[in-house]
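Source: prediction; values computed, not measured.
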Amino acid sequence: MNGGRETLWLQIANKCPNCDLSDAKLSSAYLVNADLSGANLSGANLSSASLTNANLSRTNLSDANLSGASLSYLPFFGKSANLSGAYLIRTNLSGANLSGVNFSSARLNNARLGGATLDANLEGADLSGADLRGAYQGGANLKGANLKGADLRGANLHDANLSGANLSGANLSGANLTHTYIQGAIGLKK
């Protein structure tokens, strides 16, 4: 981490755009409405943090631990937000706009993504047991993703890539699979 000055400023003002908070220990931090745009939070521990309505556009959260965090109703992460390899286990992302975010190889086990806009890169991501009810995933890249036991009721997967994805035990009732690429998907009933 690049010194403690940024962490202190973040705690006082809830603003730290473009700052280096890599490997920071911010578990259970209250960062509601915080401005972390362009910040480097790679490897940071944000487990159980509250980031509701925070500005995380262009933020690097690669390999960060966001398990149990609340990131609901984020207005926009931004196309260059990076959450590759991040831990988002049991994280609340309900209603968040996650368009264009890189979630490749991220762990989203049992995450709550109901009503989220998730036309993002989720290649190789683990979404087992995730709640994706009513999520918009049109055009999402879910190639090789693990969706075992995920709840996709009413989800819009129009034009999504589910090639090689594991859909064993997933609930797809009412899901829109129009033009969805599913070659090699596991667990789909024909």
Q | Gap separating the CG atom of Leu162 from the NZ atom of Lys143, nearest 0.5 angstrom | A | 12.5 Å
**Q.** Ala125 to Phe103 - nearest heavy-atom pair and separation
**A.** CB-O, 3.7 Å
Q: Indicate yes or no: at least one non-hydrogen side-chain atom of Asp63 is less than 4.5 angstrom from one of Ser42.
A: no
Q. Got a donor-acceptor contact below 3.5 angstrom from the His158 side chain to the Gly138 backbone?
A. no
Q | Distance in Å, Leu172 CG paired with Leu152 CG, rounded so as to fall on 0.5 Å steps | A | 5.0 Å
Q: Output the distance between atom CG (Asn110) and atom OG (Ser128), rounded to the nearest 0.5 Å.
A: 6.5 Å
Q. Between Ala120 and Val101, which heavy-atom pair has the shortest distance, and what is it?
A. CB-O, 3.2 Å
Q) Side chains of Ser48 and Ser27: do they bring a donor and an acceptor to under 3.5 Å? A) no
Q: Please round to the nearest 0.5 Å and tell me the distance separating atom CG of Leu157 and atom CG of Asp119.
A: 11.5 Å
Q. Nearest 0.5 Å, what's the CG-CG distance between Leu46 and Leu26?
A. 5.0 Å
(Q) Let's go through Ser70 and Ser50 carefully: what are the C-alpha distance in whole Å and the side-chain angles of both, what is the deciding distance for side-chain hydrogen bond (donor to acceptor under 3.5 Å, both in side chains) to 0.1 Å, and is it a yes or a no? (A) CA-CA 5 Å; Ser70 178; Ser50 184; 4.8 Å; no
Q: Mind listing the closest non-hydrogen atom pair of Ala170 and Leu147 along with its distance?
A: CB-O, 3.6 Å
Q: State which residue, out of Asn60, Leu21, Asn82, fulfils the side chain to side chain contact (heavy atoms under 4.5 Å, CB included) condition with Asn40.
A: Asn60
Q. Applying salt bridge (Lys or Arg N to Asp or Glu O under 4.0 Å), which residue pairs with at least one partner in residues 148-165 are found, sequence neighbours left out?
A. Arg133-Asp151, Asp151-Arg153
**Q.** Qualifying residue, where the test is side chain to side chain contact (heavy atoms under 4.5 Å, CB included) with Leu127 and the options are Leu88, Leu108, Asn109
**A.** Leu108
**Q.** For Tyr87, the rest of its hydrophobic cluster, which grows through side-chain links under 4.5 angstrom
**A.** Ile89
(Q) I need the Asn161 CG to Leu122 CG distance, nearest 0.5 Å. (A) 11.0 Å
Q. Which atoms form the tightest heavy-atom contact between Ala160 and Gln137, and what is the distance?
A. CB-O, 3.7 Å
Q.
Within the 4.5 Å heavy-atom criterion, are Leu83 and Leu98 side-chain neighbours or not?
A. no
Q.
Please determine whether side chain to side chain contact (heavy atoms under 4.5 Å, CB included) holds for the pair Leu118 and Leu93, giving the CA-CA distance in whole Å, both sets of side-chain angles, and the decisive distance to 0.1 Å.
A. CA-CA 10 Å; Leu118 200 56; Leu93 290 150; over 6 Å; no
